[in-house]
Each structure stands twice: as structure tokens, then as C-alpha cells.
Asks: 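Quick one: the structure is below, questions incoming.
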Amino acid sequence: MNEGFGHELRRLRTRLGVSLKSLSEMTHYSKGYLSRVETGARAATPELAGRCDDVLGADGSLLKYLTAAESRFGSPGISRPAQLPVVAADFVGRQDAIRRLDGMLPTRGTTVCAIDGMAGVGKTALAVHWAQRVRERFPDGFLFAELAGPGPGQGTRPSAGEVLAGFLRALRPGVVIPATVAERASLFRTLVDGRRMLIVLDDAGSVEQVAPLLPASPGCMVLLTSRIRMTALTSARLLSLETMSRPEAVRLVASTIGEHRTAAEPQATRELTQVCELLPLALRVAAGRLAARPSWLISSLVERLREGEEGMSMLRLGGGTVASAFRPSYDRLNGRAARAFRLIAPLDAALTSVSTAADLLGSSHAHTEDVLEELVDASLLNTPVPGLYSCHPLLRSFARDLVRQGGDGSLDPFTGENESLEAFAGERHEPAPVQAPPH
Ligand SMILES: Nc1ncnc2c1ncn2[C@@H]1O[C@H](COP(=O)(O)OP(=O)(O)O)[C@@H](O)[C@H]1O
Ligand SMILES: [Mg+2]
């Protein structure tokens with residue numbers, strides 16, 4: 001790995017037995033700044049290189065080294081990345097979550113905050129909206145990585161090493177990427193040392209995927225979103241995002257189709273938020289359908305969704321967008337958890353106890369509790385009270401469709417595409433291919 005100018009400066013200084021303090025006194029640059037130059041976290045200037053040449057009697061070799069390194073690495077120094085994606089202009093509500101995030105802004109040390117919640121609940125929207133809101137607190141820039149990969153069915157999740165390579169290039173264009181993940185992580189920590197940056201890691205799949213991406217620098221913050229509760233990430237503060245309140249949901253619909261339409265049908269608007277079960281993704285899909293059909297009444301869409309007319313359901317609407325969003329959460333389950341989800345999630349009861357679930361699964365109390373907690377960690381069940389479990393109504397419909405599908409055929413219940421039966425075979429559960437929703 002080539003550490004560049006800083007490495008060369010330190011090599012020369014230590015060979016001559018000059019301490020960092022003495023170099024600071026001789027050159028009139030602060031010790032902290034010199035130290036950051038040596039670790040590579042700060043770029044050297046030609047003035048600094050020339051001054052060090054003079055005081056160390058290096059005969060211009062450092063300046064020559066810097067000029068050569070610059071031409072090798074492209075632009076010198078560290079750039080200020082600004083990778084946050086565009087935010088939805090009509091973000092609504094979430095005041096409590098925003099206040100909690102405000103309270104987690106780093107004061108001393110690195111703050112890691114993990115937002116979890118079911119698919120489509122608004123984790124990414126919240127993370128990006130909040131990041132934009134506090135952007136002036138992070139003058140050294142923003143890094144953003146999509147950890148779920150390019151999209152359903154389009155490839156695997158990027159590894160920590162791949163994400164680190166992207167971050168290193170963003171921080172120092174032209175940098176030589178070290179070969180191992182450990183070296184990349186160490187260079188990453190070096191480059192962000194002493195800087196105030198916000199690093200957003202979206203839709204993380206596992207603790208292993210994010211652990212090497214956490215800087216150690218005070219003043220940095222990591223905001224990660226995941227369907228999984230990151231309880232194993234002991235340094236993280238957790239924020240579980242629930243579905244929206246009714247007024248938030250009504251505002252989301254109004255912002256998509258226009259207030260003139262929701263004001264004309266206030267009762268139907270509330271019913272629509274009910275059919276969407278207050279899930280932001282479902283609300284967006286349904287409102288998007290209405291926005292594209294200005295002549296439709298809100299009440300007629302509600303009716304069609306309720307009655308399942310022409311096979312229409314919230315899960316199928318918009319090419320199966322909601323079902324496709326749920327699918328990866330299910331596909332990630334191991335065999336026993338997938339089986340438990342198919343048996344327990346379809347139940348009508350608002351709350352299911354461990355003993356009811358144990359009877360259904362034919363398992364011991366302890367085993368059942370373990371598997372139910374696994375489903376809670378995957379954001380497929382909730383546990384509003386210890387020992388009792390509930391399932392979001394749209395996930396319940398999703399589970400029922402899975403079961404219906406498991407009985408007979410080979411068609412994906414939501415998109416009509418072929419799908420391997422093994423996906424539903426229980427113990428040897430393999431992820432089934434997921435179809436991207438047509439746009
Ligand atoms: N507070 C909000 N205001 C407006 N739209 C929202 C809000 N939260 C979520 N959405 C919309 O709902 C959809 C799903 O949100 P997203 O953040 O992608 O969910 P998640 O990341 O939890 O899967 C997106 O279209 C997003 O724009
Ligand atoms: Mg997301």
C-alpha cells in the first residue's frame with residue numbers, strides 16, 4: 001500500500017531522530033496538522049513540503065516526492081464527497097423520529113445509529129431527509145452506500161470491501177485501493193480521521209457487512225438503515241420505525257394527488273389509508289395510481305382494493321411493488337423461520353402467544369420463542385408486549401398468498417412469474433428469484 005507523501009515525511013523525520021514536536025516548532029505548522037499529513041488524513045501543500053525540506057536538510061527531495069505523487073495519484077489530497085441522494089420534496093411527519101435522531105448527533109466519539117423497520121415503512125426516506133436537514137453539522141461531507149445491491153433479483157449485496165473501495169475513491173480520487181478488507185478499512189479510518197462526516201449505509205443486510213465501514217473518528221456519524229434489528233452491533237443506538245399515524249398518511253396521499261382531491265373525499269381518503277394499513281410504500285403506490293388517473297374517485301379505488309376486483313389487491317397494485325418489497329425479508333429467512341412465518345403470520349388473531357405458536361409449530365416453548373424473536377428481528381413480526389406477537393396486516397396477506405401458492409403451483413402469486421417450488425419447501429429454504437416490479 002502506498003501511503004504517499006506523509007509516509008515519506010515520517011520516514012525521513014524518524015531517520016533523522018526529529019520528533020513531531022520539534023518538526024512543529026521548526027516549521028511553525030501545528031503538531032496535529034503534521035501528524036494528520038503523516039497519516040495521510042490531510043493533504044500536504046508544496047509550501048509544507050518545501051519548509052520540511054529546508055529544516056530537515058532534505059535538499060528538495062520531499063517537494064520532488066510530493067510533485068511526483070500528485071502526478072501519480074491524480075488530484076492531491078482529500079475531496080469533500082457529497083453522495084446523498086435526492087430527497088423526496090414532499091416528506092411528511094416523523095417528528096418524533098427526527099427529534100430522536102437530532103439527539104444522537106455526535107458530541108464526543110463516533111455515533112452509530114441504526115434505523116430498523118419493515119420494508120416500505122420509510123427508513124431510507126427518513127435517513128436521507130434527516131441527513132439533508134443537518135447537513136451543516138457535517139462540513140467534511142457525506143458518504144452514501146446502497147448496501148442492498150442494485151435491486152431485487154439483480155445481483156448480490158455489495159461486500160464491505162467493495163463499499164470501502166468506493167468510499168476510498170470518493171475520499172481521495174485516484175487512490176491505490178489496498179488488496180485486503182482490513183487494509184481498506186484501516187485506510188478509510190485514516191482518511192476520515194479528524195473530519196466531521198456523515199456516512200449513510202442504506203438497507204444493510206448484516207452486522208458483518210457494516211462493521212468494517214464504521215470509522216473511529218470523533219465527530220463522524222454513521223446512520224444505517226436495515227430491515228434487521230442490529231442488536232448485535234453493540235455500539236449502535238437503535239431506532240425502530242413504525243408505520244405512519246393516520247394524519248401523516250392522509251398528508252402523504254394529499255401531497256401525491258393534490259389536496260383538492262383529498263379534501264373532496266375526506267372519508268374515502270381515510271379509508272384508503274386504512275386499506276394501505278398506514279404503510280408509506282403502499283400509500284405511495286395507491287396514491288401514485290390515483291395521480292396517474294385524475295378522473296378516478298378515491299372511493300372507487302378503495303372499493304376495488306377491498307373487493308379484490310379483477311384480482312386487484314394492495315400487494316398486487318403497481319405490478320406487485322409492495323409484495324416485491326416484502327419478498328427479500330422472507331427470502332433471507334432460514335428454513336425454520338420461513339416455516340414459522342408461513343404458519344403464524346396468516347393467523348387472524350391480533351396477538352399470538354408463544355404457546356399458541358408452539359402448538360402450531362409442534363415445538364417446545366423455548367424453541368418457539370427463539371424463532372418468533374428471529375421473525376421480530378427480521379421485521380416480519382412485532383412484539384408489542386413481551387410474549388405476544390402481531391403481524392402487519394399487509395404482511396399477513398403476503399403470508400397467506402405464500403401459503404396458497406405453496407399448496408399447488410409454480411406461479412409467483414404477485415407477479416405471475418415462474419418461481420421454484422423449493423422456496424416453499426420448509427427446512428431447505430432457498431431464496432427464490434425475485435422479479436423487479438415493472439415501472
Ligand atoms: N415521511 C415520508 N414522507 C413522504 N414519503 C415517504 C415518507 N416515508 C416514506 N415515504 C415514501 O414511501 C416509500 C417507501 O419508503 P422507503 O424509505 O423507501 O422505505 P424503506 O426504506 O423502509 O423500505 C417511498 O416512496 C418513500 O418516498
Ligand atoms: Mg430502504
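Order of appearance sets the numbers: ligands from 1, and atoms from 1 within every ligand.
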Asks: Taking both backbone and side-chain atoms of A125, is any N or O found less than 3.5 Å from an N or O belonging to ligand 1?
Replies: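 Yes, since at least one N or O of A125 sits under 3.5 Å from an N or O of ligand 1.
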Asks: Using a strict 4.0 Å threshold on nitrogen-to-oxygen distance, state whether D102 and R137 make a salt bridge.
Replies: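 Salt bridge absent between D102 and R137.
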Asks: Nearest non-hydrogen contact with atom 24 (C) of ligand 1 belongs to which option: R251, M244, R284, R94?
Replies: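 It is R284 whose heavy atom sits nearest to atom 24 (C) of ligand 1.
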Asks: What protein heavy atom lies closest to atom 13 (C) of ligand 1? Include the residue and the distance to one decimal.
Replies: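 Here the closest protein heavy atom is L281 CA, 3.8 Å.
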Asks: Counting only heavy atoms not in R396, do more than 12 sit closer than 6.0 Å to its CZ atom?
Replies: yes
Asks: Going by ring pair (Phe, Tyr, Trp, His ring centres under 6.0 Å), name the residues that satisfy it together with F188, two or more places apart in sequence or in a different chain.
Replies: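 Partners of F188 under the ring pair (Phe, Tyr, Trp, His ring centres under 6.0 Å) test: F167.
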Asks: For the residue pair F398 and Y330, categorise the inter-ring angle as parallel (less than 30°), tilted (30 to 60°) or perpendicular (more than 60°).
Replies: perpendicular
Asks: What do you reckon, does V92 have a nitrogen or oxygen under 3.5 Å from a nitrogen or oxygen of ligand 1?
Replies: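 Yes; the residue has a nitrogen or oxygen that sits under 3.5 Å from a nitrogen or oxygen of the ligand.
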Asks: Could you check whether atom CD of Q132 has more than 12 heavy atoms from other residues, nucleotides or ligands sitting under 6.0 Å from it?
Replies: yes
Asks: Regarding T124, does it place an N, O or S atom less than 2.8 Å from the Mg ion (ligand 2)?
Replies: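 It does: T124 brings an N, O or S atom closer than 2.8 Å to the Mg ion (ligand 2).
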Asks: Which is closest to atom 16 (P) of ligand 1 in terms of heavy atoms, P280, A249, G122, S255?
Replies: G122
Asks: How close do V371 and A337 get, heavy atom to heavy atom, and via which atoms?
Replies: CG2-CA, 3.7 Å
Asks: Tell me whether R227 contacts the main-chain N or O of D203 through its side chain, where contact means a donor paired with an acceptor under 3.5 Å.
Replies: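 Judged by distance alone, no pair lies under 3.5 Å.
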Asks: Is T225 close enough to touch ligand 1? Criterion: a residue heavy atom under 4.0 Å from a ligand atom.
Replies: no
Asks: Considering only non-hydrogen protein atoms, determine which one is nearest to atom 18 (O) of ligand 1 and report residue, atom name and distance to 0.1 Å.
Replies: T124 CB, 4.3 Å
Asks: Does at least one non-hydrogen atom of G120 fall below 4.0 angstrom from an atom of ligand 1?
Replies: yes
Asks: In terms of residue, atom name and distance, what is the protein heavy atom nearest to atom 6 (C) of ligand 1?
Replies: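 Of every protein heavy atom, L252 CD1, 3.9 Å lies nearest to atom 6 (C) of ligand 1.
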